[in-house]
Amino acid sequence: MMSPAIIVLGPGGLDLAHKIVTVLPDAEVHGLARRVDSAQVSFDDTGDHLRALFAAGTPVIGICAAGILIRLLAPSLTDKTSEPPVIAVAEDGSAVVPLLGGHHGANDLAQKIAAAFGAVAAVTTAGDVRFGVALDSPPAGWTLANPDDVKSFAGDLLGGQTVGAHQPLPPFLADADIPRDLGGTLRISATPHRIEGDAGHLVYHPASVAVGVGCERGTDPAELIALVNSTLEAGDIASEAIAGIYSLDLKADEPAVHAAAAALGVEAWFFGAATLEAETPRLMTPSDVVFREVGCHGVSEGAALAAAGAAAELTVGKQKSARATCAIAVSPDPIAGNGAAQPQGRLLVVGTGPGSDGWMTAEAEDAVAQATDLVGYTLYLDILAERAAGKARHDFPLGEEIDRVRAALDLAATGKTVALVSSGDPGIYAMATLAFELLETGGRDDWGRVAIQVCPGISALQAAAARSGAPLGHDFCTISLSDLLTPWEAIERRLKAAADGDFVVAFYNPVSRRRTWQLGKAREILLTGRPETTPVVLARNLGRDGEQVRVVTLGTLDPADVDMLTVVLVGSSESRTVGRGDGRHWVYTPRGYAGKQAVEKNDDMKGTG
């Protein structure tokens, strides 16, 4: 189920919304912009916002009158079988009413919320009231194979028919008030195997099947997928009963394993060699060759058994293709959790932008939302505010960049999804470069199996340019004036090249408390190639309280007016300043459109001669 959206239409509903988040920690608070200040997501038109959430399948929890939700969502109510949960909650928490999607999670959500407030969920669906259970909404770990038959089946039960008492019910139905007797003609089955249900026969599949796989490095994903499918056929296994794909941790970065998991719509999980070696007594085909190579006597069989648990058995022993193996183990019960297994770790290198919430990209926000752990300089993590709620924080002081990246990689190597947080763009004078450098120079062996994604952010130079006009409208370069990691001689060569090339220059790290002379020297070098009237943008504290943007000239630039929070943009000889009636000055660097217009005009004049 997608993360629920808690709709707040006035400030009085905020406290209740935050209480609901304690019960449903993945929920987001959405507030009406003109009335609610501190929501995670703001909207202007309630109807449009609700209908967009509903169309996207997002569960909606409205802290408002039920009638508001009904009237606003009425145009969207077309398909009962696909509607997401919609719940109305009274502002004082006294009433919790599932309005739509009762058997798609609304009843369960309503009961969780009601229990937290000591209220009663107003569940009205007939099956829930009569039998004490929703037949078409099995608990986690179970799947109903034929949901389209539930309506007819429940109707027959309500009409007086019974379920045969000689067949055991799935555990989650054992305490339900389902009418049964020995002569009952209705059936309910629980099986990991393929069975066709019908209007008189509901079939539930427990997620009790572990698919173990092994493969050579670089195996074609199509080969492993074909082998997995043929092995499932050999075991007559229903796809809905598959709990996951399991393998050795050395295969955590193997594309074929992840492709096989994606083809089945499940997750890929990985065990250490010691865990798989402990399964050796239960293997059908232990191999000394495999042991010498990877430290366990069987990968596919061992992984399947380790995942399925001590009471499991191999249903299908090791099957082989040219470069891969597959085996299946079935547990008596749904596989809850994955024991010693862990997913492939992920390192998401995230840029938050210069500081304003509006400058954080959707991709970066999504990465933070996915992360289990956040690693970064304390100030950068504080900027995330509510986005960091419920996540493990690993704070580092300024200057400990290497320790910061090592910690992020170490965490990701344990199977966690880790966001390594930078300000601005993570690839511009930030953490992404250091992450790849450490990967190349070495560290823990398992760092190499971590999946890495770099999520771009708006850089400080882009923000400074936007606030001041369009100074980066033509060729430009960026130069850091910090000589802590780069010798000044190299910086000076780049400054001279920028002056010779007449580039617009963005200066990062222009000054610090102990480093004040470099900006003055840079000014002298640039003045050799452009006039003193060249516009210079001083952009300080971008996107935060106290933001200041000033335009001076290169001739009057005073390093004393600049600090570590300032980005300096120096125009080229072509850059211009445009004054406005309100006293503001905009800076831009033309690309030559005026010359293009002159040529086109001249050509037009020739055409009329």
Determine, step by step, whether Glu574 and His474 satisfy the side-chain hydrogen bond (donor to acceptor under 3.5 Å, both in side chains) criterion, reporting the C-alpha distance in whole Å, the side-chain angles of both residues, the deciding distance to 0.1 Å, and the verdict.
CA-CA 9 Å; Glu574 299 295 322; His474 210 330; over 6 Å; no
Show your reasoning for whether side-chain contact (heavy atoms from CB on, under 4.5 Å) applies to Tyr246 and Val213.
CA-CA 6 Å; Tyr246 301 88; Val213 298; over 6 Å; no
Under the side-chain contact (heavy atoms from CB on, under 4.5 Å) criterion, do Ser247 and Val299 qualify, and how do the steps go?
CA-CA 6 Å; Ser247 191; Val299 173; 3.8 Å; yes
Test side-chain contact (heavy atoms from CB on, under 4.5 Å) on Asp561 and Thr566 and set out the steps.
CA-CA 9 Å; Asp561 293 334; Thr566 306; over 6 Å; no
Stepwise side-chain contact (heavy atoms from CB on, under 4.5 Å) test for Arg393 and Asp382:
CA-CA 10 Å; Arg393 280 181 55 145; Asp382 287 343; 3.0 Å; yes
Stepwise, does the salt bridge (charged side-chain N to carboxylate O under 4.0 Å, His left out) test hold for Asp475 with Arg591?
CA-CA 9 Å; Asp475 297 335; Arg591 287 192 63 196; over 6 Å; no
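Note that the CD atom of Glu277 and the CZ atom of Phe271 stand 14.5 Å from one another [nearest 0.5 Å]. A distance of 9.0 Å separates CD1 of Ile7 from CD1 of Ile61, quoted to the nearest 0.5 Å. Here the straight-line distance linking atom OG of Ser459 with atom CG of Asp425 works out to 6.5 Å at 0.5 Å rounding. A distance of 10.5 Å separates OG1 of Thr352 from CD of Glu365, quoted to the nearest 0.5 Å. In this structure, the separation between CZ on Arg530 and OG1 on Thr553 is 13.5 Å, given to the nearest 0.5 Å. One finds the CZ atom of Phe476 at 7.5 Å from the OG1 atom of Thr478 (value rounded to the nearest 0.5 Å).
The pair Arg404-Asp395 fails the salt-bridge criterion, with no side-chain N (NZ, NE, NH1 or NH2) lying under 4.0 Å from an Asp/Glu carboxylate O. One finds a salt bridge joining Arg217 and Asp253 here, because a Lys/Arg side-chain nitrogen approaches an Asp/Glu carboxylate oxygen to under 4.0 Å. The existence of a salt bridge linking Glu547 and Arg467 is confirmed by a sub-4.0 Å separation between a basic side-chain nitrogen and an acidic carboxylate oxygen. Residues Arg444 and Asp410 are paired through a salt bridge, judged by an N-O separation under 4.0 Å between the basic side chain and the carboxylate. Electrostatic pairing of Arg540 and Asp563 counts as a salt bridge here, judged by a charged N lying under 4.0 Å from a carboxylate O.
Val552 is listed as a side-chain neighbour of Leu538, based on a closest heavy-atom distance under 4.5 Å. Taking 4.5 Å as the limit, every side-chain heavy atom of Pro510 sits out of range of all side-chain heavy atoms of Gln518. At least one side-chain heavy atom of Leu14 sits under 4.5 Å from a side-chain heavy atom of Ser38. You'll find the side chain of Thr378 stays beyond 4.5 Å of the side chain of Pro397, heavy atoms only. When side chains are defined from C-beta on, Met431 does not count as touching Val421, because their heavy atoms never get closer than 4.5 Å. Counting only heavy atoms from C-beta outward, the side chains of Val368 and Leu384 approach each other to under 4.5 Å. Using a 4.5 Å cut-off on side-chain heavy atoms (C-beta onward), Leu348 and Thr417 make contact. Residues Val536 and Leu569 fail the side-chain proximity criterion, which asks for heavy atoms closer than 4.5 Å.
Considering only residues two or more places apart in sequence or on other chains, Trp488 meets the ring-ring contact (aromatic ring centres under 6.0 Å, His included) condition with Trp517. Partners of Arg35 according to the salt bridge (Lys or Arg N to Asp or Glu O under 4.0 Å) rule, which considers only residues two or more places apart in sequence or in another chain, do not exist here. Glu216 pairs by the salt bridge (Lys or Arg N to Asp or Glu O under 4.0 Å) definition with Arg323, not counting sequence neighbours.
In this structure a side-chain-to-backbone donor-acceptor pair under 3.5 Å is missing from Thr486 to Asp483. Between the Arg523 side chain and the Gly555 main chain, a donor and an acceptor come within less than 3.5 Å of each other. Judged purely by atom type and a 3.5 angstrom limit, Ser468 uses its side chain to pair as donor or acceptor with the backbone of Ala464. For the pair Asn541 (side chain) and Asp545 (backbone), a donor-acceptor distance under 3.5 Å is present. Panel note: side chain Asp502, backbone Ser573; a donor-acceptor pair is recorded below 3.5 Å. Under the 3.5 Å distance criterion, the side-chain polar atoms of Lys416 are left unmatched by any main-chain donor or acceptor of Gly345. Looking at Gln462, its side chain never comes within 3.5 Å of a backbone N or O of Gly353 through a donor-acceptor pair. Between the side chain of Glu532 and the backbone N or O of Leu527, no donor-acceptor pair lies under 3.5 Å.
Residue Lys251 comes nearest to Phe270 through the heavy atom pair O-CE2, 3.4 Å, listed as atom of the first residue, atom of the second, then distance. Counting all heavy atoms, side chain and backbone alike, Val29 lies closest to Ala39 at O-CB, 3.6 Å. In this structure, Ala388 and Leu374 approach most closely via the heavy-atom pair CB-CD1, 3.6 Å. When all heavy atoms are compared, the tightest approach of Leu481 to Asn509 is CB-O, 3.5 Å. In terms of heavy-atom proximity, Val551 sits nearest to Pro535 at CG1-CB, 4.3 Å. Shown here for Leu347 and Ala408, the closest heavy-atom pair between the two residues is CD1-CB, 3.7 Å.
The ring pair (Phe, Tyr, Trp, His ring centres under 6.0 Å) contacts involving residues 367-411 comprise Tyr377-Tyr380, where partners must be two or more places apart or lie in separate chains. Here ring pair (Phe, Tyr, Trp, His ring centres under 6.0 Å) pairs that include residues 420-443, with residues two or more places apart or in two chains, are Tyr429-Tyr508.
Taking a 6.0 Å sphere around CD1 of Ile402, one finds it holds 12 or fewer heavy atoms contributed by other residues, nucleotides or ligands.
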Please list every donor-acceptor pair under 3.5 Å in which a side-chain atom of residues 255-268 meets a protein atom from a residue at least two apart or in another chain.
| unit_1 | atom_1 | unit_2 | atom_2 | d |
| --- | --- | --- | --- | --- |
| His258 | NE2 | Ala252 | O | 2.6 |
| His258 | NE2 | Gln344 | OE1 | 3.2 |

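Side-chain atoms of Ser321 and Glu223 form a donor-acceptor pair, as typed in the model, at a separation below 3.5 Å. Side chain to side chain, Gln40 and His30 fail the donor-acceptor criterion of an N or O pair below 3.5 Å. Counted by atom type alone, Arg346 and Gln370 present one or more donor-acceptor pairs between their side chains at under 3.5 Å.
Under the 6.0 Å distance and 45° angle rule, Arg449 does not count as a cation-pi partner of Trp447.
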